[in-house]
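All ligand and atom numbering here is 1-based and tracks the order in the structure.
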Amino acid sequence: MATFVDRYPDEAKVVQASLAVAFIALGIGAFFGLIQALHRTNIIRIISSVDYYTVLTGHGVLLALVFTIFFLVGLFTWAVTRSLERPLPDIRLTWAWFGLMTTGATITAVTILAGLFPDIPMSADVLYTFYAPLQAHPAFYIGLAMFIIGTWMAGADWFLAYREWRSENPDERIPLQTFMVLTTMIMWYISTLGVAVSVVFFLIPWSMGLVDSVNPLLTRTLFWYFGHPVVYFWLMPAYLMWYTVLPKLSGGRLFSDPLARVVFVLFLLLSTPVGIHHQYLDPGIAEGFKFIAMTNTMFLLLPSLLTAFTVVASMEHGARQRGGEGYLGWLGTLPWRDPAFTGMALAGLMFAAGGFSGMINAGMNINYLIHNTIWVPGHFHMTVGTAVALTMMAGTYWLLPQITGKKVYSRPIGLLQVVMWFVGMVFMSNAMHRGGLLGIPRRTAEPQYTNFDFVTAIGSIWEIRVQIALGGTLLFISVVLFLFNVAATWADDRSETPVDDYLPEPLSDASGSPVILDNLALWTGIAVVLVILAYTLPLASIIGDAGIFGSSPVF
Ligand code: HAS
Ligand code: HEM
Ligand code: CU
């Protein structure tokens with residue numbers, strides 16, 4: 001079979017463009033990460049502490065929003081096209097959403113970076129969580145709104161492709177990759193509603209001076225209504241690759257198609273009614289609502305635990321196909337020299353640790369210990385910063401040949417790069433978790449407890465700081481190697497033909513899974529009801545306390 005780029009040349013261009021924007025954001029964001037890691041540990045200081053929040057906002061927005069989501073739209077475009085086996089309905093619509101997203105992201109990024117130049121009357125040092133009372137220049141929010149509307153149009157594009165396919169295949173099961181894309185997008189539509197209301201009705205009018213005040217607790221709550229599901233929006237592309245690509249790379253097949261569908265349905269249902277677990281320490285929200293969010297969060301562990309089972313079972317199946325034996329001996333037969341495989345496997349391994357630190361975060365009483373400490377960046381550099389980012393980099397080694405028709409420039413550099421990311425993150429994240437337990441705060445430019453004493457160096461704050469700086473440096477080098485490898489592949493003219501992009505059928509295929517799983521309208525309905533149940537009373541009480549625009553009495 002011809003390569004993706006030969007079958008769908010127009011779609012391949014959009015995927016390439018999306019990945020290109022993602023990688024530019026990755027490069028700048030990682031550089032900012034290095035600056036922060038070295039600055040706040042007092043190893044090297046190249047910026048003044050006044051600019052720390054500009055850099056931190058740039059790091060959060062460029063990596064957590066721009067890099068991840070541009071990669072997502074590229075991957076989803078590839079997945080929908082190849083799994084429905086048809087081009088998208090109208091490529092002009094596809095370029096339109098790409099253009100809108102890119103313009104929006106550029107406006108937002110420029111507004112943030114303008115903060116580094118005192119002569120430019122623009123800044124947006126509001127961090128990637130951007131809720132009030134911090135206020136940015138209106139262009140920051142307008143760019144974000146354009147970016148989000150672009151993602152909505154992308155979803156519409158994929159739904160239209162699905163509708164066309166459905167009219168020609170009325171009785172078939174939704175192909176698994178398309179099913180994953182559609183459920184993820186429904187979750188995204190439901191959850192972005194919160195942040196859209198916050199940006200359009202409150203933050204934009206307030207930053208333009210059209211209204212005098214906003215209710216900070218309301219904008220926080222609307223942000224976290226979106227801020228938790230967005231983490232699964234980042235995670236689902238990684239899961240899509242773990243479920244559909246990793247088994248093949250391991251030499252086998254996905255263990256169970258029905259179980260994969262159940263997992264995506266559970267994420268659709270449970271991702272949104274949990275956002276208040278980011279607000280356990282917010283005054284002005286009754287404990288009972290926080291307790292409900294905690295309970296929902298604990299249920300939300302289930303789809304990831306199912307994933308751990310299914311994905312590892314698929315890897316084991318692959319290993320046994322390759323001749324692996326024994327309880328653990330099969331691990332040795334996996335293709336560890338393949339950067340795409342090794343990167344994804346290491347990302348999964350680290351996600352097991354990141355998931356456990358998430359469980360700790362989710363417990364209301366333990367959360368009081370770690371909230372706002374550097375433990376939390378420890379948690380999310382393992383999840384979004386590794387499970388997602390490393391899977392995306394590793395997946396690139398598999399995807400790039402298909403969308404360009406070119407051979408990866410260097411697989412050994414790829415392997416070195418993914419392993420270096422894992423090692424760097426072990427240093428940085430582990431030290432961040434430990435530092436958090438000792439009370440080191442997050443989001444600060446200043447190093448804490450600077451006394452250094454040779455006798456007590458090991459186990460001291462000093463040692464933790466050195467590990468963060470060392471880990472951060474390895475991570476940055478890893479990104480440089482990755483970007484070099486990708487750019488060299490793009491620039492190279494060594495073609496790889498034919499590229500093997502065939503994905504084998506699951507061991508237990510869709511025919512065995514209940515038809516109701518494909519009933520997207522039903523799951524959407526239940527998801528909306530759960531959101532209404534979880535959020536109506538908290539929102540009513542927040543508005544009742546201080547009014548829609550009033551300043552909440554607790555702030
Ligand atoms: Fe989280 C804070 C709870 C998952 C991201 N989280 C954050 C923030 C971010 C973030 C960015 O309840 C900070 C926001 C801010 O700036 O303030 N999180 C959880 C829970 C989960 C969780 C319960 N988080 C994620 C994911 C993220 C992410 C995923 C991004 C992608 N998180 C919290 C809470 C807070 C929080 C509180 C607020 C903290 C505070 O006080 O501020 C769960 O979804 C985790 C479930 C995961 C598992 C692991 C399953 C293991 C698997 C591995 C399989 C292995 C393989 C490899 C494939 C149960 C699937 C095998 C390899 C071989 C070699 C065999
Ligand atoms: C925050 C370093 C990669 C997402 C931070 C902080 C450090 C850091 C030290 C904490 C700053 C503070 O709280 O004062 C790095 C380094 C990286 C890297 C050295 C690799 C070169 C990533 C990646 C992502 C990411 C790949 C996501 C895809 C974030 C986010 C924050 C953060 C969302 C929180 C920003 C905030 O608190 O507003 N990073 N990071 N980082 N990082 Fe990274
Ligand atoms: Cu959360």
Side-chain angles (χ1 to χ4, degrees), residues 26 29-41 52-53 56-57 59-65 67-68 127-129 224 227-235 238-239 242 246 271 274-275 277-281 293-294 297-298 300-312 314-316 331 334 342 344-364 367-368 370-377 379-390 392 421 424-425 428 432 441-445 468-469 471-479:
L26 174 65
F31 180 56
F32 285 179
L34 178 70
I35 294 179
Q36 284 155 210
L38 298 178
H39 187 96
R40 58 167 293 154
T41 52
Y52 189 78
Y53 291 105
L56 189 54
T57 307
H59 179 75
V61 169
L62 286 172
L63 289 174
L65 298 175
F67 160 59
T68 49
L127 305 178
Y128 82 111
T129 41
W224 287 121
H228 186 79
V230 75
V231 314
Y232 296 118
F233 195 57
W234 303 327
L235 187 67
Y239 272 21
W242 293 359
L246 188 56
S271 288
V274 299
H277 71 213
H278 292 265
Q279 299 179 278
Y280 288 146
L281 265 121
M294 172 170 76
T297 306
M298 296 304 172
L300 189 49
L301 296 175
L302 183 66
S304 287
L305 293 170
L306 286 174
T307 301
F309 169 76
T310 318
V311 174
V312 177
S314 312
M315 287 166 70
E316 180 179 350
L331 281 167
L334 288 166
T342 302
M344 286 191 212
L346 292 178
L349 202 61
M350 189 154 283
F351 189 52
F356 286 119
S357 87
M359 293 178 199
I360 291 166
N361 298 346
M364 249 167 102
N367 183 272
Y368 301 153
I370 52 84
H371 185 66
N372 277 344
T373 71
I374 201 164
W375 164 289
V376 177
H379 160 69
F380 63 68
H381 282 93
M382 289 187 151
T383 51
V384 65
T386 300
V388 175
L390 183 55
M392 288 180 171
W421 187 275
M425 202 55 97
M428 189 171 95
M432 282 176 161
R442 67 183 283 201
R443 293 181 160 172
T444 170
I468 291 176
T473 308
L474 290 175
L475 290 166
F476 179 71
I477 298 172
S478 168
V479 170

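Looking only at heavy atoms of the protein, atom 50 (C) of ligand 1 is closest to Ser304 O, 3.7 Å. Atom 63 (C) of ligand 1 has its closest protein heavy atom at Met315 CE, 3.7 Å. Protein heavy atom at the shortest distance from atom 11 (C) of ligand 2 is Tyr52 OH, 3.3 Å. For atom 13 (O) of ligand 2, the closest non-hydrogen atom of the protein is Arg443 N, 2.6 Å. Looking only at protein heavy atoms, the nearest one to atom 20 (C) of ligand 2 is Leu475 CB, 3.5 Å. The protein atom (non-hydrogen) at minimum distance from atom 53 (C) of ligand 1 is Gly348 O, 3.3 Å.
Counting the atoms of ligand 1 from 1 in the order shown, those under 4.0 Å from a heavy atom of Leu235 are 29 (C). Atoms of ligand 1 lying under 4.0 Å from at least one heavy atom of Leu349, given by number and element, are 57 (C).
Below 3.5 Å of separation, one finds an N or O of Asn367 facing an N or O of ligand 1. Note: an N/O pair closer than 3.5 Å links Tyr128 and ligand 1 by distance alone. Checked by distance only, ligand 1 and Ala362 come closer than 3.5 Å through their nitrogen or oxygen atoms. Close N/O approach between Trp234 and ligand 1 is not found [any backbone or side-chain N/O within under 3.5 Å].
Comparing Phe380, Trp242, Tyr232 against atom 10 (C) of ligand 1, the shortest heavy-atom distance belongs to Phe380. Nearest to atom 35 (C) of ligand 2 by heavy-atom distance, out of Leu56, Val384, Val479, is Leu56. If you check each of His371, Met364, Gln279, His381 against atom 42 (O) of ligand 1, the one with the closest non-hydrogen atom is His371.
Listed by chain and residue number, the protein N/O/S atoms under 2.8 Å of atom 43 (Fe) of ligand 2 are His59 NE2, His381 NE2, with waters left out.
A distance-only check finds a donor-acceptor pair linking the side chain of Ser357 to the backbone of Gly354 [under 3.5 Å].
Residue Ile468 does not touch ligand 2, judged by heavy-atom distances below 4.0 Å. Using a 4.0 Å cut-off between heavy atoms, Met432 contacts ligand 2 through its side chain alone, with no backbone atom that close.
Among the backbone and side-chain atoms of His379, an N, O or S atom lies under 2.8 Å from atom 1 (Fe) of ligand 1.
For OH of Tyr128, the number of neighbouring non-hydrogen atoms (other residues, nucleotides, ligands) closer than 6.0 Å is greater than 12.
In this structure, His381 and His59 approach most closely via the heavy-atom pair NE2-NE2, 4.0 Å. Tyr280 approaches Tyr368 most closely through the heavy-atom pair O-CE2, 3.9 Å.
In this structure, Leu300 does not count as a contact residue of ligand 1, since none of its heavy atoms falls inside 4.0 Å of the ligand. Taking a 4.0 Å cut-off on heavy atoms, Trp224 registers as neighbouring ligand 1. At least one heavy atom of Arg442 sits less than 4.0 Å from an atom of ligand 1.
Here His278 contributes NE2 and His277 contributes NE2, and at the Cu ion (ligand 3) these two atoms make an angle of 100°, given to 10°.
If you check the side chains of Thr444 and Tyr52, you find no donor sitting under 3.5 Å from an acceptor.
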